[in-house]
Amino acid sequence: MEITITAPHGFSFKRTVISHGWYDLPPFEFDEKNWTLSRVIDTGEARPVTAKVSAAGRDLKVSLSRKIGKRAASKIERHVRHMFRLDDDMAAFYEVMAQDSDFEWIAKAGAGRLLRSPTVFEDLVKTISTTNCSWALTKKMIDGLIGSLGRRGSDGRRDFPTPEAMASMTERFYRDEIRAGYRAPYLKELAERVAEGSLDVETWLGSELPTSELKREMKRVKGVGDYAAENLLKLVGRYDVLALDSWVRSTFARIHNGGRASADKKIERYYSRFGEWRGLALWCDMTREWMDRDEQFTTW
DNA sequence: GCGTCCAGGTCTACC
DNA sequence: GGTAGACCTGGACGC
């Protein structure tokens, strides 16, 4: 079964897929050869379904692992639109970028849509799992969570675990099985708070709080510090934060400072001209070469 | 194979 | 508000 989803003008499937590391973390599965991104999606039915997303001209083609009903199909479309940020209005961002010769490539390339998970909860758990460790360890933790707790779909692949499933496990499980180390109590506590309803992280998506207050709220979650909160802010559509980590600092040093380490203040000054878009401008700047290496520097 | 060092953000205690 | 040290893992390195 297939669904076609209309993408906005200027949307780049490839740029969005590899906009950051999420495509490399399950339940996302990236097929580099055929340029497809698939993942298990919970439609609220007995079994989750696997959706394989690819570009079809300017639109998106979603191939499903089994036949589903109208309601489930509409849920899949909603999730795909959310993950690929198809409803984000990029016009204002592109207009600002077009004023600067070093950044005008962004609109032409259709960059700036950051891939995200179907839920803020999944993005939050993944973000905590990226902090203070190598990417290999992050993958190991997420692999472990999904392999142990993810609901199996019709084709045997697993979805990201629900807060309830994560809350039901012990701290020892996170420490010994997931290898989450000192993050173990944080993951357990987060899952419990979300499962019992005392913390609703999905509301961060439409929050009307100023960014600084929303960031403060995010940092009340154990394991979420400045970097994690700012990374998450970008995923919920706030770009007036930079989310500086070691990779961004070293990349900035290489690209803009002759290889010498830069003070955070200098990085902040460099992107301050982009105002509310500075975080997204920074990220596009840092990742520009991810696709320059290939031939795919066109919008489609 | 073993021990040591280091990188990677966040938390807590302290000033 | 700022800072130091602990937290924990895995990889790199030397022996």
Side-chain angles (χ1 to χ4, degrees), chain A residues 19-26 114 116-117 120-149 161 163 166 169-194 198-199 201 204 210-236 238-255 257 259-269 271 278-280 282-283 286-287 290:
Chain A
S19 53
H20 64 122
W22 264 205
Y23 72 87
D24 192 31
L25 283 183
L114 305 180
R116 59 187 172 188
S117 309
V120 176
F121 176 72
E122 182 180 326
D123 280 338
L124 176 52
V125 171
K126 283 178 170 173
T127 298
I128 291 173
S129 304
T130 64
T131 58
N132 206 18
C133 64
S134 63
W135 187 248
L137 180 56
T138 298
K139 286 180 79 167
K140 191 171 182 176
M141 286 187 257
I142 301 301
D143 273 341
L145 280 177
I146 291 169
S148 303
L149 304 174
M166 283 184 63
M169 305 308 284
T170 62
E171 188 181 315
R172 179 173 281 274
F173 163 80
Y174 290 103
R175 205 176 283 276
D176 297 345
E177 305 289 322
I178 303 303
R179 312 299 294 164
Y182 68 90
R183 303 168 199 80
Y186 305 161
L187 294 176
K188 166 87 175 150
E189 183 186 307
L190 167 64
E192 282 176 343
R193 289 176 63 193
V194 173
S198 62
L199 174 67
V201 297
W204 292 348
T211 302
S212 58
E213 281 180 41
L214 185 55
K215 180 178 169 183
R216 233 190 326 271
E217 193 174 318
M218 290 173 168
K219 284 179 70 174
R220 286 197 202 106
V221 174
K222 287 265 185 69
V224 176
D226 280 329
Y227 161 73
E230 293 187 4
N231 185 59
L232 213 53
L233 280 164
K234 289 183 182 178
L235 293 178
V236 300
R238 310 284 187 113
Y239 303 113
D240 49 344
V241 290
L242 298 183
L244 300 179
D245 64 1
S246 56
W247 182 81
V248 167
R249 291 185 180 101
S250 68
T251 305
F252 182 89
R254 179 170 57 79
I255 296 176
N257 210 37
R260 297 181 309 278
S262 315
D264 288 356
K265 290 277 177 210
K266 181 170 183 174
I267 304 177
E268 284 164 19
R269 266 199 312 277
Y271 295 101
R278 57 190 181 273
L280 195 51
L282 170 144
W283 188 251
M286 297 294 97
T287 58
W290 285 6

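Protein chains get the first letters and strands the later ones, always in sequence-line order, with residue 1 at the start of each.
- Looking at A/Ser250, its side chain does come within 3.5 Å of a backbone N or O of A/Trp247 through a donor-acceptor pair.
- Look at A/Arg179 and you'll find a side-chain N or O under 4.0 angstrom from OP1 or OP2 of C/dG10.
- A/Ser262 contributes no side-chain N or O that, together with a main-chain N or O of A/Ala253, makes up a donor-acceptor pair within less than 3.5 Å.
- If you measure from atom CD1 of A/Ile128 to atom P of C/dT9, you get 17 Å, rounded to the nearest angstrom.
- If you take CD1 of A/Ile178 and P of C/dT9, they are 13 Å apart, rounded to a whole angstrom.
- Rounded to whole Å, atom P of C/dC8 lies 17 Å from atom CD of A/Glu177.
- Between A/Tyr174 atom OH and C/dC8 atom C1' there is a gap of 18 Å when expressed in whole angstrom units.
- In this structure, A/Trp283 contributes its side chain and A/Ser19 its backbone to a donor-acceptor pair below 3.5 Å.
- Heavy-atom distances under 4.0 Å link DNA chain B to A/Thr131, A/Asn132, A/Cys133 of residues 130-140 of chain A, given in residue order.
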Distance-only criterion, 3.5 Å: show the donor-acceptor pairs between side-chain atoms of residues 221-229 of chain A and protein atoms not counting sequence neighbours.
unit_1	atom_1	unit_2	atom_2	d
A/Asp226	OD1	A/Lys215	NZ	3.3
A/Asp226	OD1	A/Lys219	NZ	2.8

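- The distance between atom CG of A/Asp226 and atom P of C/dT3, rounded to the nearest whole Å, is 13 Å.
- Minimum heavy-atom separation, A/Arg179 to A/Leu137: O-CD1, 4.0 Å.
- Heavy atoms of A/Ala184 sit nowhere under 4.0 angstrom from any nucleic acid atom.
- Using a 4.0 Å cut-off between a side-chain N of Lys or Arg and a carboxylate O of Asp or Glu, A/Lys188 and A/Glu192 qualify as a salt bridge.
- On the nucleic acid side, DNA chain B contacts chain A at distances under 4.0 Å to non-hydrogen atoms, with the end points of that region at B/dG8 to B/dT12.
- C/dC8 atom P lies 11 Å from atom CG of A/Asp176, rounded to whole Å.
- Looking only at side-chain heavy atoms (C-beta outward), A/Val248 and A/Asp245 come within less than 4.5 Å of each other.
- A salt bridge links A/Asp176 to A/Arg172: one of the charged nitrogens lies within less than 4.0 Å of a carboxylate oxygen.
- Residue A/Met286 comes nearest to A/Tyr271 through the heavy atom pair CE-OH, 3.2 Å, listed as atom of the first residue, atom of the second, then distance.
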